[in-house]
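What follows is a set of notes on a single structure, which appears directly below.
Values reported hereafter were calculated over all heavy atoms of this structure, with side chains retained and with hydrogens, waters and symmetry mates removed. Below, read A as the first sequence line, B as the second, and so on, with proteins coming before strands; counting in each chain starts at 1.
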There are 2 protein chains.
Amino acid sequence: MSATAHDVPVVKVLPEPENLPEPLPEPAVEELRLETVLGALSDPLRLTIVRKLLLESEAFDHSCGWFGLDRPKSSLTHHFKALREAGVTRQRQYGLERRSHVRVADLNARFPGLLDLVAAWAPDKP
Amino acid sequence: MSATAHDVPVVKVLPEPENLPEPLPEPAVEELRLETVLGALSDPLRLTIVRKLLLESEAFDHSCGWFGLDRPKSSLTHHFKALREAGVTRQRQYGLERRSHVRVADLNARFPGLLDLVAAWAPDKP
DNA sequence: TCGCTTGTACGAGTTTCATCGTACTGCATG
DNA sequence: CATGCAGTACGATGAAACTCGTACAAGCGA
């Protein structure tokens with residue numbers, strides 16, 4: 001083994017911006033349809049996902065598990081796929097994980113103000 | 001018959017602002033839920049209705065038939081009811097007709113910018 | 001009062017969607 | 001290479017929701 005810092009906490013290196021994994025299949029900006037996007041956002045769980053990404057994601061994409069959603073994995077797959085196929089999120093494969101982020105620029109370009117509504121959304125309060 | 005203009009097109013007189021029929025049952029402003037409103041707007045026909053109201057309704061409410069939608073009456077009833085129950089439109093009974101308008105002030109207060117997206121929406125173009 | 005008009009109520013058929021269990025793939029790590 | 005983990009694929013189930021035909025209610029006008 002090398003003589004250099006062998007027990008230093010290892011920070012996982014994200015791929016360079018130039019070297020990102022290809023996004024999973026998604027609609028192009030011009031293909032985004034308002035009715036489809038609204039349909040994707042008309043579900044409380046998906047609103048929760050998108051809002052959490054908007055408010056807490058800072059610079060990084062996040063894997064499915066990061067959200068701490070108490071649902072079976074197959075349910076989560078379903079909803080993340082719905083968001084991606086509607087064009088709300090982009091997903092990339094990072095080794096084991098499939099990470100998501102909101103397509104902020106695309107959505108703001110096509111539907112300005114929409115993401116502000118999602119960020120301001122408050123889930124049911126009783 | 002009277003001697004006064006008997007074949008002049010008759011403009012139906014709307015009730016005075018003070019004397020409007022009661023609105024049909026609808027959610028109060030505080031009860032409006034983003035996910036419900038988005039769900040109501042995630043249908044192309046309903047987007048068409050709301051957009052047409054926003055762009056062409058000027059000062060008056062409009063009856064179901066005004067929209068010129070080529071669907072059976074019972075289908076239209078379904079969609080107008082969905083819009084009203086989600087809080088997007090208000091409906092009042094004027095004699096025979098049930099007229100609708102968009103709750104612009106309420107929606108702008110709760111979800112600012114949302115109606116702009118609907119007004120800017122373009123239906124499928126092929 | 002007799003129709004005509006506007007719209008509802010109800011019900012059926014079809015589709016779409018949310019939910020979730022189970023089995024599977026693919027990768028990373030030891 | 002063997003284990004474990006993230007997540008998918010597939011399929012079943014049940015609940016909504018869209019569509020629409022038919023029958024009905026209610027107002028308005030002749």
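- OP1 and OP2 of D:dG7 both lie 4.0 Å or more from every side-chain N or O belonging to A:Arg99.
- Under the 4.5 Å side-chain contact rule for hydrophobic residues, B:Leu76 and B:Val102 share a cluster.
- Looking at A:Gln91, A:Arg90, A:Arg92, A:Arg84 one by one, the single match for side chain to side chain contact (heavy atoms under 4.5 Å, CB included) with A:Ser100 turns out to be A:Gln91.
- Rounded to whole Å, the distance from CD on B:Gln93 to P on D:dG27 is 8 Å.
- Applying a 4.0 Å cut-off to non-hydrogen atoms, the residues of residues 65-80 of chain A that approach DNA chain C are A:Arg71, A:Pro72, A:Ser74, A:Ser75, A:His78, A:His79, listed by residue number.
- Within 6.0 Å of NZ in B:Lys81 there are 12 or fewer heavy atoms belonging to other residues, nucleotides or ligands.
- A:Arg110 places a side-chain N or O within donor-acceptor distance of the main-chain N or O of A:Leu32, the cut-off being under 3.5 Å.
- Of the candidates A:Leu54, A:Leu55, A:Leu47, A:Arg51 forms a side chain to side chain contact (heavy atoms under 4.5 Å, CB included) with just one, namely A:Leu55.
- We find that CD of B:Glu35 is positioned 18 Å from P of C:dC17, with the value rounded to whole Å.
- A:Gln91 places its CD atom 16 Å from the P atom of D:dA6, with the value rounded to the nearest Å.
- Spacing between atom CD of B:Glu85 and atom P of D:dA16 amounts to 14 Å, rounded to whole angstrom units.
- D:dA6 atom P lies 8 Å from atom CG of A:Leu96, rounded to whole Å.
- Between the NZ atom of B:Lys81 and the P atom of D:dA17 there is a distance of 12 Å, given to the nearest Å.
- Following chains of ILVMFWY side-chain contacts shorter than 4.5 Å, one can reach B:Phe67 starting from B:Trp121, so the two form part of one hydrophobic cluster.
- Both B:Arg98 and A:Arg46 sit near DNA chain C, but only B:Arg98 has its closest nucleotide nearer the 5' end.
- A:Glu97 places its CD atom 8 Å from the P atom of D:dA6, with the value rounded to the nearest Å.
- At whole-Å resolution of the value, CZ in B:Arg92 and P in C:dG7 are 16 Å apart.
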